[in-house]
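Reckoned from all heavy atoms, side chains included, excluding hydrogens, waters and symmetry mates.
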Amino acid sequence: MVNQNLTATEIGFTHEDFAALLDKYDYHFSPGDIVPGTVFSIEPRGALIDIGAKTAAYIPIQEMSINRVDAPEEVLQSNETREFFILTDENEDGQLTLSIRRIEYMRAWERVRQLQAEDATVRSGVFATNRGGALVRIEGLRGFIPGSHISTRKPKEDLVGEELPLKFLEVDEERNRLVLSHRRALVERKMNRLEVGEVVIGTVRGIKPYGAFIDIGGVSGLLHISEISHEHIDTPHSVFNVNDEVKVMIIDLDAERGRISLSTKQLEPEPGDMIKNRDLVYDKAEEMAAKYREQMLAKQQGITAVPTEAEEVVGAEEAVEAATEETPVEATTEVEAVEATTEETPVEVSAVTEEEIPATTDTEPAATVTEEEIPASVEQEG
């Protein structure tokens, strides 16, 4: 029979030895680790989680989700096992603080980077607006649409609650910048319905020294000065006025950059008709466009194309250039090139300045939003 009155000295195992043994088999936890844990107890504003440490870890309600949570039961259930992010070191009581929100946050950024790489179009409802633009949520992250990239006649305030198609302009986790464009999504959608060689009717919306901007069904295309006529033109103002209705042919579509290049030169039956007899050009537009498409097809198949009457007049060398030219002529000077880029492609990322992006694009969990930026009635953060 074992003597139950043996002393610690006789056993050779003290309380200190027992504590050391626990320490030996205790896991080492560090902030930033992702560990499995089981919900031990749910409290009004948080929950205790068993992750194998000597003391149950704690997750506050504001760290339970990337979205707003009013009660822990919306996210956690008793005895549920899932992954947790270790947010802080042990406090004076030896307790770690955990987060689910940080895991969702990291995975959300990974997902939006993937969507940007795929050049995907996403849809999201506007939950607030401010003086700079509109705020949306993508994969739980707060995104910003600059006012210049909102393509609607509605006042910004009326967009709250409306779902918009969006393209990614900037995805920068380090700087907490998620910038999107409604305009670019609409341009891409409309460009998908257009074809090179197609004749469309548009309206002159702007005239620059290097060409005219033509609105065709809600998207803007550039009719470069070199594509107005086979004859030399000093300035587009000598041919067009703002609000003129014109017939143009699409000669290039660049969906990635949101650019549409147009031509009336290719529609001229004879050189200079855009200057001398514009109505004739418009009457013969479909016929000349059909010849242009035949030439393009012949070029692709390696067959010598039959030149148009206009090309015969301007000479064989110019005819070959006119028949094979698929991309618009670049602006003639560096200054014009910069102007052409900024006017023609309002959806470029570079057009979004630091000043346009308010602090509300900061999607870091610890970020705060001022009352001036987001009305209290639509504030989403817990």
Practice problem: Measure the CD1-OG distance between Ile251 and Ser263 for me, rounded to the nearest 0.5 Å. | Solution: 5.0 Å
Quiz item: Yes or no on salt bridge (Lys or Arg N to Asp or Glu O under 4.0 Å) for Lys276 and Glu231, after CA distance, side-chain angles and deciding distance?
Solution: CA-CA 10 Å; Lys276 306 168 190 173; Glu231 287 196 359; 3.3 Å; yes
Quiz prompt | Spatial distance of atom CE (Met274) from atom OG (Ser229) [nearest 0.5 Å] | solution = 7.5 Å
Quiz item: Linking I/L/V/M/F/W/Y whenever any side-chain heavy atoms sit under 4.5 Å apart, do Met249 and Met191 land together?
Solution: yes
Quiz item: How long is the gap from CD1 on Ile150 to CG on Leu164, to the nearest 0.5 Å?
Solution: 7.5 Å
Quiz item: So do the side chains of Pro165 and Arg189 get within less than 4.5 Å of each other, counting heavy atoms only?
Solution: yes
Exercise. Determine the minimum heavy-atom distance between Val204 and Ala212, stating which atoms define it.
Key: CG1-CB, 4.5 Å
Quiz item: What about Leu194 and Val187, same hydrophobic cluster or not, with Ile/Leu/Val/Met/Phe/Trp/Tyr joined at side-chain heavy-atom distances under 4.5 Å?
Solution: yes
Quiz item: Donor-acceptor pair, Ser181 side chain versus Arg184 backbone, under 3.5 Å?
Solution: yes
Exercise. Measure across Phe29 and Ala53 and return the closest heavy-atom pair with its distance rounded to 0.1 Å.
Key: CE1-CB, 3.7 Å
Quiz item: Side chains of Arg102 and Glu63: does their closest heavy-atom pair fall under 4.5 Å?
Solution: yes
Quiz item: How would you list, by chain and number, every residue that makes a side chain to side chain contact (heavy atoms under 4.5 Å, CB included) with Pro72, sequence neighbours excluded?
Solution: Ile42, Ile61, Met64
Quiz item: Has the side chain of His224 got a donor or acceptor atom that lies under 3.5 Å from a matching backbone atom of Gly211?
Solution: no
Exercise. Say whether, by atom type as modelled, one donor and one acceptor occur between the side chain of Glu198 and the main chain of Glu195 under 3.5 angstrom.
Key: yes
Exercise. Please report the shortest heavy-atom distance between Val75 and Ser65, naming the atom on each side.
Key: CG2-CB, 4.4 Å
Practice problem: Please report the shortest heavy-atom distance between Met288 and Leu267, naming the atom on each side. | Solution: CG-O, 3.3 Å
Quiz prompt | Distance-only side-chain donor-acceptor flag, Arg205 / Asn243, under 3.5 Å | solution = yes
Quiz prompt | Pro31 to Asp89 - nearest heavy-atom pair and separation | solution = CD-OD1, 3.1 Å
Quiz item: Do Phe40 and Ile49 come close enough that some side-chain heavy atom pair is under 4.5 Å?
Solution: no
Quiz item: Rounded to the nearest 0.5 Å, what separation is found between the NZ atom of Lys208 and the CG atom of Leu223?
Solution: 15.5 Å
Quiz item: Would Ile103 and Leu87 show up in the same hydrophobic cluster when neighbours are defined by side-chain heavy atoms closer than 4.5 Å?
Solution: yes
Quiz item: Do Val281 and Asp283 come close enough that some side-chain heavy atom pair is under 4.5 Å?
Solution: no
Quiz prompt | Evaluation steps, side-chain contact (heavy atoms from CB on, under 4.5 Å), between Asp119 and Phe168 | solution = CA-CA 7 Å; Asp119 196 27; Phe168 292 96; over 6 Å; no
Quiz prompt | From CA spacing to verdict: salt bridge (Lys or Arg N to Asp or Glu O under 4.0 Å), Glu162, Arg123 | solution = CA-CA 10 Å; Glu162 184 170 334; Arg123 299 187 68 87; over 6 Å; no
Quiz item: Does any donor atom in the side chain of Gln77 or Glu73 lie under 3.5 Å from an acceptor atom in the other side chain?
Solution: no
Quiz item: Residues in salt bridge (Lys or Arg N to Asp or Glu O under 4.0 Å) with Lys156, at least two apart?
Solution: none
Practice problem: Verify whether one side chain among Ser261 and Glu227 offers a donor that lies under 3.5 Å from an acceptor in the other. | Solution: no
Exercise. Using side-chain contact (heavy atoms from CB on, under 4.5 Å) as the criterion, point out the one residue from Ile138, Asp172, Leu169, Val136 that pairs with Leu178.
Key: Ile138
Quiz item: Is the closest side-chain heavy-atom distance between Leu135 and Val126 below 4.5 Å?
Solution: no
Quiz item: Backbone N or O of Asn79 within a donor-acceptor pair of the Thr38 side chain at under 3.5 Å?
Solution: no
Exercise. Say whether, by atom type as modelled, one donor and one acceptor occur between the side chain of Asn192 and the main chain of Glu188 under 3.5 angstrom.
Key: yes
Quiz item: Thinking salt bridges, do Glu287 and Lys284 make one under a 4.0 Å N-O criterion?
Solution: yes
Quiz item: Do we get Arg137 above Phe127's six-membered ring, with its NZ or CZ under 6.0 Å from the centre and within 45° of the axis?
Solution: yes
Exercise. Would you check if Pro146 and Val179 make a side-chain contact, meaning some heavy-atom pair closer than 4.5 Å?
Key: yes
Quiz item: Between CD1 of Ile86 and CD1 of Ile59, what distance do you get to the nearest 0.5 Å?
Solution: 12.0 Å
Practice problem: Using modelled atom types only, decide if a donor and an acceptor are shared between the side chain of Lys247 and the backbone of Tyr282 within a distance under 3.5 Å. | Solution: yes
Practice problem: Measure the shortest side-chain to side-chain distance between Val246 and Thr203 over non-hydrogen atoms and say whether it is less than 4.5 angstrom. | Solution: no
Quiz prompt | Sidechain-backbone polar pair: Asp273 side chain, Asn277 backbone, donor-acceptor under 3.5 Å | solution = no
Quiz item: Taking it one step at a time, do Val200 and Ile250 satisfy side-chain contact (heavy atoms from CB on, under 4.5 Å)?
Solution: CA-CA 8 Å; Val200 294; Ile250 298 169; 4.2 Å; yes
Quiz prompt | Single-linkage hydrophobic cluster Leu253~Ile201, side-chain heavy atoms < 4.5 angstrom | solution = no
Quiz item: Where do Phe240 and Ile207 land on the side-chain contact (heavy atoms from CB on, under 4.5 Å) test, with the steps shown first?
Solution: CA-CA 8 Å; Phe240 300 111; Ile207 301 176; 4.1 Å; yes
Self-check item: Donor-acceptor pair, side chain of Arg259 and main chain of Leu222, under 3.5 angstrom
Solution: no
Practice problem: Identify the two heavy atoms, one from Gly272 and one from Glu268, that lie closest to each other, and give their separation to 0.1 Å. | Solution: N-OE2, 3.3 Å
Quiz item: Who else is in Leu186's hydrophobic cluster (ILVMFWY, side-chain heavy atoms under 4.5 Å, direct or via others)?
Solution: none
Practice problem: To the nearest 0.5 angstrom, please state how far the OG1 atom of Thr235 sits from the CD1 atom of Ile228. | Solution: 8.0 Å
Quiz item: Does Asp93 use its side chain to pair, donor to acceptor, with the backbone of Gln95 at less than 3.5 Å?
Solution: no
Quiz item: Are Ile233 and Ser238 side-chain neighbours, meaning at least one heavy-atom pair lies under 4.5 Å?
Solution: yes
Quiz item: Gln114 and Glu118: side-chain hydrogen bond (donor to acceptor under 3.5 Å, both in side chains), yes or no, with the steps?
Solution: CA-CA 6 Å; Gln114 179 183 353; Glu118 296 170 357; 3.2 Å; yes
Exercise. Please check if the side chain of Gln266 supplies one atom and the backbone of Ala289 the other of a donor-acceptor pair under 3.5 Å.
Key: no
Self-check item: Pair Val199-Val248, side-chain contact (heavy atoms from CB on, under 4.5 Å): steps then yes or no
Solution: CA-CA 6 Å; Val199 174; Val248 291; over 6 Å; no
Self-check item: Arg113 and Glu174 ion-paired at < 4.0 Å
Solution: no
Quiz item: Quick one: do Phe84 and Tyr58 end up in the same hydrophobic cluster if we chain Ile, Leu, Val, Met, Phe, Trp and Tyr together by side-chain heavy atoms under 4.5 Å apart?
Solution: no
